[in-house]
Amino acid sequence: QQQVKQSPQSLIVQKGGISIINCAYENTAFDYFPWYQQFPGKGPALLIAIRPDVSEKKEGRFTISFNKSAKQFSLHIMDSQPGDSATYFCAASMRYTGNQFYFGTGTSLTVIP
Amino acid sequence: GAVVSQHPSRVICKSGTSVKIECRSLDFQATTMFWYRQFPKQSLMLMATSNEGSKATYEQGVEKDKFLINHASLTLSTLTVTSAHPEDSSFYICSPRSSDTQYFGPGTRLTVL
């Protein structure tokens with residue numbers, strides 16, 4: 001059973017455009033929602049994370065929007081650049097329990113120059 | 001950010017041999033270690049979870065006698081793939097957790113001939 005559902009599977013965006021990746025979860029006990037960026041042949045790297053007590057978090061060109069009632073959260077990449085081309089994974093966990101992170105299936109982003 | 005190293009970064013071995021992968025958290029203590037495997041263009045699949053000094057807990061379908069995990073200290077964990085077969089060829093990623101944050105190693109590409 002997929003705890004976190006992610007879409008789209010792949011995304012192509014023009015340079016300068018906005019990339020939007022969506023995730024949905026079912027378990028209301030989740031209280032930590034990170035996004036990871038992974039380049040080919042490399043391990044995932046934490047990009048940005050949010051807790052459910054806020055609806056939006058912005059770090060540079062990256063923004064997480066969180067809708068607690070809908071149990072959805074999304075990653076927005078503003079002014080997308082070719083260097084942003086990577087696979088992005090959303091995840092969810094119960095932060096202080098030491099339990100595993102549940103990952104989405106990933107989105108392959110390609111930013112066209 | 002936290003530094004996690006994995007060694008080797010890539011290994012090619014013959015079928016039937018054993019391969020040991022080391023994961024070190026260089027500037028923090030990992031109370032919990034997660035080991036993942038990732039097939040091309042797929043998400044991370046949790047293999048096992050281990051706490052320092054305790055036996056690892058394996059996910060359903062992961063053979064504990066084939067994938068030996070040792071978490072002897074708060075900064076070192078090892079994954080040994082015993083009697084490797086071509087179907088074990090994959091990208092193995094360790095993920096140490098410190099309190100409420102989970103980090104990822106750079107991964108080890110295992111190719112079994």
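Below, chains carry the letters A, B, ... as their sequence lines are ordered, and counting in each starts from 1. Excluded from the calculations below are hydrogen atoms, water molecules and symmetry mates; all remaining heavy atoms, backbone and side chain alike, are included.
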Does one hydrophobic cluster hold both [X] and [Y], with members joined at side-chain heavy-atom distances below 4.5 Å?
X     : Y     : result
B:W35 : B:L74 : no
B:F91 : B:M45 : no
A:L47 : A:F39 : no
A:F62 : A:F73 : yes

Could you state the interatomic distance from [atom1] ([X]) to [atom2] ([Y]), rounded to the nearest 0.5 Å?
X      : Y      : atom1 : atom2 : result
A:T87  : B:Q38  : OG1   : CD    : 7.5 Å
B:R97  : A:S93  : CZ    : OG    : 5.0 Å
A:F101 : B:F104 : CZ    : CZ    : 7.5 Å

(request) Go through the atoms of A:Y102 and report whether side chain, backbone, both or neither lie under 4.5 Å from a heavy atom of chain B. (result) neither
(message) Report which part of A:Q38 has an atom under 4.5 Å of a heavy atom belonging to chain B: side chain, backbone, both, or neither.
(response) side chain
(request) Please determine, among A:A91, A:G41, A:A45, the option with the most heavy-atom pairs under 4.5 Å with chain B. (result) A:G41
(message) Under a 4.5 Å cutoff for heavy-atom pairs, which residue among A:S108, A:G106, A:P44, A:P40 has the most contacts with chain B?
(response) A:P44
Check the surroundings of atom [atom1] in [X]: do more than 12 heavy atoms from other residues, nucleotides or ligands lie under 6.0 Å from it?
X     : atom1 : result
A:R61 : CZ    : yes
B:E87 : CD    : yes
B:H7  : NE2   : no
A:K42 : NZ    : no

(request) Carefully, step by step, assess A:Y36 and B:Q102 under the rule side-chain contact (heavy atoms from CB on, under 4.5 Å). (result) CA-CA 11 Å; A:Y36 288 87; B:Q102 189 165 342; 4.1 Å; yes
(request) Could you check if a side-chain atom of B:L44 sits within less than 4.5 angstrom of a side-chain atom of A:F89, using non-hydrogen atoms only? (result) yes
(request) Determine the minimum heavy-atom distance between A:G104 and B:S43, stating which atoms define it. (result) O-OG, 2.6 Å
(request) Kindly say whether the aromatic ring centers of B:Y36 and A:F103 come within a distance under 6.0 Å. (result) yes
